[in-house]
Asker: 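After the structure tokens below, expect a handful of questions from me.
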Amino acid sequence: AREALIFERSTPGTVGYQLPAFDVEPVDPAKTLGAELVRGEIADLPEVSEVEVVRHFHRLSQWNYAVDEGLYPLGSCTMKYNPRINEELARLSGFAQVHPLQPESEVQGALRLMWELEQALIGITGMARVTLQPAAGAHGELAGMLMIRKALEDRGEGRRTVLIPDSAHGTNPASAVFAGFKVKEIASTSAGTLDVDALRRELESGDVAALMITVPNTLGVFEPEIAKAAAMLHEKGAFLYMDGANLNAFVGVASPGKMGADALHINLHKTFSTPHGGGGPGAGPVAVSRLLEPYLPVPVVEKRQGVFTLDYDRPKSIGKVRSFYGNFGIMVRALAYILSLGRNGLKAMTEAAVLNANYLRRALAEHYHLPYQSPTLHEVVFDDSRQKPFGVSNIDIAKRLLDYGFHAPTVSFPLIVHGALMIEPTDSESLAELEAFVEAMKAIAQEARENPELLKTAPHTTPVRRLDEVRAARQPILRWYPQGAESP
Amino acid sequence: AREALIFERSTPGTVGYQLPAFDVEPVDPAKTLGAELVRGEIADLPEVSEVEVVRHFHRLSQWNYAVDEGLYPLGSCTMKYNPRINEELARLSGFAQVHPLQPESEVQGALRLMWELEQALIGITGMARVTLQPAAGAHGELAGMLMIRKALEDRGEGRRTVLIPDSAHGTNPASAVFAGFKVKEIASTSAGTLDVDALRRELESGDVAALMITVPNTLGVFEPEIAKAAAMLHEKGAFLYMDGANLNAFVGVASPGKMGADALHINLHKTFSTPHGGGGPGAGPVAVSRLLEPYLPVPVVEKRQGVFTLDYDRPKSIGKVRSFYGNFGIMVRALAYILSLGRNGLKAMTEAAVLNANYLRRALAEHYHLPYQSPTLHEVVFDDSRQKPFGVSNIDIAKRLLDYGFHAPTVSFPLIVHGALMIEPTDSESLAELEAFVEAMKAIAQEARENPELLKTAPHTTPVRRLDEVRAARQPILRWYPQGAESP
Amino acid sequence: MMHRYQPGAGDRQRILQFLGLKSPEELFAAIPQEVRVGELPLPLGMAEEEVRRVFREWAAANVTAEEKVSFLGAGVYRHVVPAVMDAVLSRAEFFTAYTPYQPEVSQGTLQAIFEFQTYVCLLTEMPVANASLYDGATAVVEAVLMAARLRPEKRKVFVSRLIHPDYLATLRTYAEAAELELLELPWDGAGRTDLSQIHPEEAVAVVVQSPNVLGVVEDLAAVKKASGEALSVQVVAEATSLGLLAPGGRFGFDVVCGDMQAFGLPPSFGGPHVGFFATRKEYLRQMPGRLVGQTVDADGQRAFVLTLSTREQHIRRAKATSNICTNHSLMALGVTVVLSLLGKKGVRELALASHAKAEYLKKRLASLAPKVQLAFPESPTYNEFLLLHGEPEKLLARLSEEGILGGVATSRLASYLPPGVLVAVTEKNTREECDRLVDALGRLA
Amino acid sequence: MMHRYQPGAGDRQRILQFLGLKSPEELFAAIPQEVRVGELPLPLGMAEEEVRRVFREWAAANVTAEEKVSFLGAGVYRHVVPAVMDAVLSRAEFFTAYTPYQPEVSQGTLQAIFEFQTYVCLLTEMPVANASLYDGATAVVEAVLMAARLRPEKRKVFVSRLIHPDYLATLRTYAEAAELELLELPWDGAGRTDLSQIHPEEAVAVVVQSPNVLGVVEDLAAVKKASGEALSVQVVAEATSLGLLAPGGRFGFDVVCGDMQAFGLPPSFGGPHVGFFATRKEYLRQMPGRLVGQTVDADGQRAFVLTLSTREQHIRRAKATSNICTNHSLMALGVTVVLSLLGKKGVRELALASHAKAEYLKKRLASLAPKVQLAFPESPTYNEFLLLHGEPEKLLARLSEEGILGGVATSRLASYLPPGVLVAVTEKNTREECDRLVDALGRLA
């Protein structure tokens, strides 16, 4: 049974909430504010009781797939288990009910938590300092690129070109542009990695501000010449921006600091397991080298004589990239995760992530085509070229997986692989779960040969069938209107 | 996909929890305790990680129907909405983390809450006092009957007969027997109510200790002569025990005190909306008349000079019926519900419950047979006699309702209705939900005529199909054994 | 005015119309005036925020072990509570469901309880266990009543005075109604039940608790031997002890029962906790309470269902094996989650840590004699022991001022126990907490 | 040692065997030694109970409005938080899901966000709204950047200095990168933005906040008029004000955006909250952020899907309308739940109660002059206002000692604001709390 929109469940006169007693003199807002500033009741807001609200969202929730249901192999998204203790801790009154503008003396616990998280991230990345302010990975990219821009300006340089490999996430070019740069793509090598020679050629222009690169890249392949690339960049006065979306592949094994990164954003909602929330909130702290430290957003948390304080007095700072100090509630969860695992556990999880991905790579290699043969770490990218002859695309395979009770892999990138199936099992999965996934993928490969129509019309058992996405885009309906009302 | 038993998910060496640091000297328990007192690891306990536990119970939960999914019309069970605020409050550290044996001075808040709940229940029932100790309705029945027994002994009377109408819940006779009484059933009148003449005849024996009666009875019919029956009982030195399972029908309208009840148990998990938890915990406070007050279980909470205290000094008390003071966590929820609704809201809910039940009665009357025509309050009992000619039983109708996404009505009693369908919608349901239920019931009535096989083999869309209950009882398998192990 | 818990204001009018009524009052016509009430003596309904404010105030008027160091036990123990447990119990699919009478839409609850039954069997080394009872006290009662059904010609029950005093008090209440004669066994100088007075040939059952209420581990082999034909019943109030101590099942006991609260349920001022009940297969049809059994559905796939309900009140009425209906299913689920997380290693580690920390504390406290004195220094204890002291309640009040909930005064439990403080230690207590208690007792006792 | 978050100890060995490896180390062979690290400078992993202890200690080192009376606002407001909200957000189906890229198994998130978009439209009287942004500050930025895309020939942005200082600071950062010229508008004696310096013909946008950071309700009709061809942007930092105040949509604004935190999200030391963004239909294809649209599935039934993603970075890369990817979906869900509970009546009642209580307090405080002084006694305010005081931080410290979080010192926000305390009042504040503040200020100011 479909669940109506909450607006369609409305019954006039019903209430879903009661406010605390109204214990002051009533006012006439037309008088206190002026009639032209005031509105009346908003006609189309719903009138529903509490139980109806509870049931509405309960039923909606049942149409979602989630990590708690099973394997969620969305490549590049690191859909790992979200520990319940972290949810408990983020809800502690002493964290959730703290106002950001209380005097510092009243929020020492919150400031300490931020300071401790920064220290932990410094330890993990080998970088000089970290800003916790950005709200998401892409936001971190932007903050990082703004720091690079400011550093260049500080040197009096007007460089404007940012190099980005063709395998990169779409956020990289977008963020570079929003930071005021021009983007130039570099083609990957046949091994799927950075073409260092191409980089060298590009650097000769003198206009290169930075290279933005994901390590390991979106194929899951480690960039073997990353340190060399960094040296080349630095030598030419350019910066290395590292996209940390795939940090889960090497925590405790290698460090961006040693790779020569100048800025690196860290998706706390990936590597450090804060819940994705159906699309956020996440957090995208940016770790920087000494070179970029002066440009960090304000404020930063400092510890002075055992007292934690917010330092706004940073003349070279890029300023602020959002309100207050970042997604504090996400920081609580991430630090709890880091402390729960510790140095031993973090490395064990890295190994598990890479073992799991390589298990899938080997187990699926006879059924799906592997476009790049380079060794991979925490994820593996197949393509649909063996299924294409039967008219079956990566999308069809993805949709059919939903019928088998799994989430689909990433199919929209990397752009260098046509018909990609980018699979990242993460460290949370048991062999039993991986085996079940392999069985499903094998069955689908067979179905592709024997009954391609079944895949092309998949999914069949989900709450809704395949959607008309073209219609959604051509005749956009982006909100509910009451029956009979015209969309203006 | 079926979810295996947790024991079947085990992988040797896996852990799902880490204990706090072991910070004292290790001991050899064979030495401290003696080798013969000590056991080793328990071989068959599972070894699973945290995420596997989370997913296991997440998946299990998805096979349950629950109030949050929709209408749950189990007659006599009062499956109403369980407000979320009550869950929040019961989990407050100052309630959940309080030990029952702390000094009274350290638990004044907890004692006050119990005292306030008793006052509220006294106000609602019009009785003299209330014990909160019983853990469930049946437990309350037993406590009530033990008080009656003790009161009779106190008078030096050895009366042993308890009269129970044939429409009663099964717990009534069972509880009476466990309190040491003999049960004698009284047939109901053709209106489905207490036969007062039969009561009069029975009372002549002089051995009648009490009448146990549900008001309104399990047909949903109010006992019009209840006050008269009480007077007759009292005149003959017998007691009136009232089963409060159906209290939701008349809170704020009538009072057991005025009806002449001597003891009445109250299912907090029905009328006062504490969650049923898949079968408990509930709570079954017993409200008593002045006559039975001396016999209340110890302790009772007293307020003396503004201080709350546990009074154990009650020489005529029946003693204890369980450990400590009752299901305190349930009391928190019930009192929160009562205070949230208040005198106005409680009565409004009673009216809503009765309106909803009468809506269903009227709307379904042309499709299902109504064996008793008396006006009903909060529930209504149909039977399957119109469907029987097609070979369709009440069970089949119940199972088919599951396919329509509703829970089934009660089908196991009252015993005076053969093939009963006992429907209690409660006050939580909107007309829209009731209408959808009526549509389903109508459709089923039609299916019974046109395609009875569909009903006899229902349900068809549930996580499992109809179960072999005979096999379960004949060859009981009540626990998991490791593969290959014999059931001893 | 409409209330937030009530759907459909407009519905009310529409239903009245449908029924041809002017007011809901007409539906109550069958209720005579003489039993009617006017307005209830209660305040008007409160806003959620106001209820929250009131309850928080009351909650804040209680001291909890979260703020202080705690050595409270005596039937309610403070072990680790994994966050996962409450997350599972908060799933509306579990907590807003009813008893699984319709198994096709209740497999979640049913399978979880089947797992609970299995855990109880594994912990007790007994072949069958039920789906839960209210608490330890009523579990003991049910054991004795079952024994009485199995030995209908006998009326005597030999019960250790060292079972938890609330359990004993409850048993007395029920035994009186069942016309059973309770013979309460004293204890010996080692703090163990004196078995010499048992006459098994006259008895329906012999009941001991191990570890007993003074913390001492009983000699179950001797109890079993002394029980003869009578049913031997082991009561367990500190369930985590089953991770370290050989259970009654190993010694041939007929019933092992008690309370599982120690496996992670919050104290909640005494409830809800969860009783458990395990016994031999041959007593199956005399067992109290619900049972979940495995069977198959119409497609032949494994599924679970409430079974053997012909024992139960809703079928058997006056002849039922128990009057229990609502049990403590959700709490059983909580324990099942905790046991699943702890697993094979954790169950033992937790018990061993509790024991080792208690031994550490015992050893350190021994040095404080004669200010305080271990009641039974030579007897085996698991994680709780009795410190003799003349004025335990005063002593505890002084400790509390220093932020230490030092234990439970025996005077709070029963007048017949020796005066002193029962001190319980769990894996949550740190060495430093133990040292603080020793230090404080050294100064204050 | 295995960790509790890691399934399958035995699995590790079996996978290694399957891969023909001796150690996982071999899988990292492609990583050169020069970038390797030894042991991380972190402690060993902690038990859940230990982590809980540490975090509780840190949490306890913060003062919260739960313990004190609070009048804190300035962009983060303390309104009622229905218990239902967190119950919904705690459903693993919502919080452990990813962005709904596979709509067939994400209808729950998608429909909820479609409802969020509708709520934003209803509150702002705008025809389209997006699926959320990070916060109010970045929402303002996105509005200005969209305006710049729509008026590519212009570079000036007229922005009120009375938008929240953090929003302004953020806008400065982004504007610099986008090479936009920010012209900051001062305020007049009534605490309203001085519109006289606006030159709309040169501008991409005119940005005001209403109520502004000093609490004063701006004259939106005048702003709209002054904006001319430039895009008019209303910023809303106190979203509940939309329950009482006519929104920008009614005055023909091009964008209404801001933060929805006030509808029941916890302050959380500043985040996560949730930005919103509503605009005209003609700007649809220049909008930033995700959009959920209605369509049908293969069976023709209504369903929801992320749409118009050709605007977004993962398709359009360097030419995207925004770089946003992860947004604040779960917070948007929370607001959707709260708005659903409040409903038509509650949204207005809540705003009216906040306003009435603020008016009550304002009136009472007026009597304390000249100790403290209302900055703009004649100007319309919703639920927040500025009290002038020379040493606001000291004053607040004294109030805090009496258990009152008296408001936010303007010095904490920005140096250019008049010295004083911003006092915010919501429906949660009782009359008695207001009286306590008046009394304390009378003594301490």
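Reminder, nothing fancy here: chain letters follow the sequence lines and each chain counts from 1.
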Asker: Determine whether D:R302 and A:V464 make a side-chain contact, defined as any pair of heavy atoms from C-beta on separated by less than 4.5 Å.
Answerer: no
Asker: I'd like to verify something: which residue of A:G34, A:G126, A:G123 has the highest number of heavy-atom pairs under 4.5 Å with chain D?
Answerer: A:G123
Asker: Please name the pair of heavy atoms, one in A:L478 and one in D:Q117, separated by the smallest distance, quoted to 0.1 Å.
Answerer: O-NE2, 2.8 Å
Asker: Would you call A:R465 and D:E104 a side-chain contact if the rule is heavy atoms closer than 4.5 Å?
Answerer: no
Asker: So which heavy atom on A:G278 is nearest to which on D:T109, and how close?
Answerer: O-CG2, 3.7 Å
Asker: Which pair of non-hydrogen atoms, one from D:G108 and one from A:N64, has the smallest distance, and what is that distance?
Answerer: N-OD1, 3.1 Å
Asker: Of the backbone (N, CA, C, O) and the side chain (C-beta and beyond), which part of D:L413 lies under 4.5 Å from a heavy atom of chain A, both, or neither?
Answerer: side chain
Asker: Taking side chain as everything from C-beta outward and backbone as N, CA, C, O, which of these in D:V296 sits under 4.5 Å from a heavy atom of chain A? Side chain, backbone, both or neither.
Answerer: both
Asker: Describe, in one word, how the ring planes of A:H139 and D:Y134 are oriented to each other, choosing from parallel (under 30°), tilted (30 to 60°) and perpendicular (over 60°).
Answerer: tilted
Asker: Is the distance between the ring centroids of D:F28 and A:F250 under 6.0 Å?
Answerer: no
Asker: Who wins among A:V67, A:T462, A:L341 for the most heavy-atom pairs under 4.5 Å with chain D?
Answerer: A:L341
Asker: Closest heavy-atom contact between D:L330 and A:P281?
Answerer: CB-CD, 3.8 Å
Asker: Any idea which heavy atoms bring D:S340 and A:V48 closest together, and the distance?
Answerer: O-CG2, 3.5 Å
Asker: Between A:L5 and chain D, which part of the residue has a heavy atom less than 4.5 Å away: side chain, backbone, both or neither?
Answerer: both
Asker: Parallel, tilted or perpendicular: which fits the ring planes of A:H276 and D:Y98, with parallel below 30° and perpendicular above 60°?
Answerer: tilted
Asker: State plainly whether the residues D:R431 and A:E25 are in salt-bridge range, i.e. N to O under 4.0 Å.
Answerer: yes
Asker: What is the ring orientation for A:F95 with D:F55, classed by angle as parallel under 30°, tilted 30 to 60°, or perpendicular over 60°?
Answerer: perpendicular
Asker: Based on non-hydrogen pairs under 4.5 Å, which of A:F57, A:F22, A:Y72 is most in contact with chain D?
Answerer: A:F57
Asker: Top residue by heavy-atom pair count (under 4.5 Å) with chain D, among A:L377, A:I124, A:I42, A:V177?
Answerer: A:I42
Asker: Looking at A:P83, A:P26, A:A398, which one has more heavy-atom pairs under 4.5 Å with chain D than the rest?
Answerer: A:P83
Asker: Can you list the residues that meet the salt bridge (charged side-chain N to carboxylate O under 4.0 Å, His left out) rule with D:R56, with sequence neighbours excluded?
Answerer: A:E88, C:E66
Asker: Are D:K344 and A:E47 ion-paired here, with the side-chain N under 4.0 Å from a carboxylate O?
Answerer: yes
Asker: In terms of heavy-atom pairs under 4.5 Å with chain D, which of A:G280, A:G342, A:S428 leads?
Answerer: A:G280
Asker: What residues form a salt bridge (charged side-chain N to carboxylate O under 4.0 Å, His left out) with A:D44, not counting sequence neighbours?
Answerer: none
Asker: Have a look at D:L244 and tell me which of A:V38, A:T32, A:L37 forms a side-chain contact (heavy atoms from CB on, under 4.5 Å) with it.
Answerer: A:V38
Asker: For A:N327 and D:H328, which I'm curious about, is there any donor-acceptor pair between the side chains at under 3.5 Å?
Answerer: yes
Asker: Taking the ring centre of each residue, are A:F324 and D:H164 less than 6.0 Å apart?
Answerer: yes
Asker: Going by atom types alone, do D:D166 and A:S323 pair a side-chain donor with an acceptor below 3.5 Å?
Answerer: no
Asker: What heavy-atom pair brings A:R39 and D:L123 nearest, and what distance separates the two atoms?
Answerer: NH1-O, 2.6 Å
